[in-house]
Asks: 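Input: one structure, supplied below.
Excluded from the calculations below are hydrogen atoms, water molecules and symmetry mates; all remaining heavy atoms, backbone and side chain alike, are included. One is the number of the first residue; the rest follow in order along the sequence.
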Amino acid sequence: MKQDEQDFAFIKEKIKDKPINKKRMLIHMGYDILCAIVFGAVACFVFVCLKPRIEEWTQPKKNQTITIPKDEEPQEEEENPDETSQQPQEPDTVYVQEELGVEGYQNLQKELYAIGKQANKSVVTVTGVTSGTDWFNTPYESKNQAAGIIIANNGQELLILTEKKVIADAQSMSITFSDDETVPATLKKYDGNTGIAVIGVALADISEDTMDRITVATLGNSFVLSQGTVVIAIGNPLGANYSILCGTITAVQNKVTTIDNNYTIFTTDMVGSENGGGVLINLSGEIVGLVLKDYSNEGDRNTITALSVSELKQVIEDLSNNKDIPYLGLRISTVTEDISTTYNIPEGVYVKGVEMDSPAMAAGIQEADVIVEMNGEKITTVEQYSQLLMGLNPGDEVKITVKRQGSEEYVNLECSVAAGVLQ
């Protein structure tokens, strides 16, 4: 028995705890704390960097509706002779003429070109690429280029105004900014009547450096332009992007007839390229005219002319918001009181022509009809007709009352026209 106890005596030995090494424990604790601080800092940095992306994935921004303030055409005030005679006369203003001199003229030119250079920050190059095969089955690729103007930022895209003919039938589109960065673009909508189009560029595709260099253009009031107003042409008036021309307005009374509307066209004393384009800006850098070569005078296509931007603001706004432009297919003019009296034609909107296969033709409207009412509203001018038309959506039906020449007098006829889209 004693032998057995001796054999298992080690089981009764008391095991003592290892002494605590306080120095090593403090080192481990400090290491753990350091790791926790580093981990927290890294996690915080990653969270801050990824937060915008996570918000885009979980809560994507909706496109903001683009709203362009409209301009009112100034009304001519009739002077009352009695009131004029009673008002105290202001003393005549004395003008002192000073010679500008060569140096002064040079400084003035520099100031004008500085305005154009600043406005060029909203100019881009639009490229449309078309590819195919020729008769010998050889693949080819052609490019069309023109100037575009950045007109809005809807929170998801930059919206750019350009001419539809540049991107017609293009398989792909791209935008090149002033710093030579090139990004893909997509067509939003276009107006088959005026030929203007709005294309979009995703903000995610544009670098921060480029966003810092560009600006969004402002659409100004072209109703205040008059003969002698100084304007600047930017875009590619000389056939090369970012070229600048300075000049004056020489005529503001000319009108150009288009489908369903008539637009004011400004003539300038500037001579540009026959293939040029772009916009006219005022001395505040605001766009007041669109240089569209399709509306240039056939006799002198090198003279820069532009459509009034104030009359196109509703079209540009609708295109920017991805809306189609309603279309009936009439070429029209206003029958004023004087014209009515002279030619014995009812006052209203005279139909000069009806486009082939248009909604108006399908509804039975004919040349020489006079539109006097639309949806129960009296129509006396082209402006009223166009304003009511722009309030429609493609597919909407509008009741039009016309006066048509009969054997002895004009008779009233009602037509129901479904608005379409001009391709």
Asks: Can Asp71 and Lys313 be counted as an ion pair, charged N to O under 4.0 angstrom?
Replies: yes
Asks: Would you compute the distance between atom OG of Ser386 and atom CG of Asn262 and round it to the nearest 0.5 angstrom?
Replies: 7.0 Å
Asks: Can you tell which of Leu159, Ile287, Asp191, Leu219 makes a side-chain contact (heavy atoms from CB on, under 4.5 Å) with Ile316?
Replies: Leu219
Asks: Taking the side chain as everything from C-beta on, heavy atoms only, tell me whether Val315 gets closer than 4.5 Å to Asn261.
Replies: no
Asks: For atom OH of Tyr105, is the number of surrounding heavy atoms from other residues, nucleotides or ligands below 6.0 Å larger than 12?
Replies: no
Asks: If only side-chain N and O atoms count, and only distance matters, is there a donor-acceptor pair under 3.5 Å linking Gln423 with Tyr190?
Replies: yes
Asks: For Lys143, does the NZ atom sit with more than 12 other heavy atoms under 6.0 Å from it, leaving out its own atoms?
Replies: no
Asks: Salt-bridge test for Lys323 and Glu317: reply yes if a basic N is under 4.0 Å from a carboxylate O, no otherwise.
Replies: no
Asks: Any heavy-atom pair between the side chains of Val123 and Phe177 that's under 4.5 Å?
Replies: no
Asks: Among side-chain atoms of Ser340 and Glu347, is any donor-acceptor pair under 3.5 angstrom?
Replies: no
Asks: To the nearest 0.5 Å, what is the distance between CD1 (Ile160) and NZ (Lys188)?
Replies: 11.5 Å
Asks: CD of Gln366: more than 12 outside heavy atoms within 6.0 angstrom?
Replies: yes
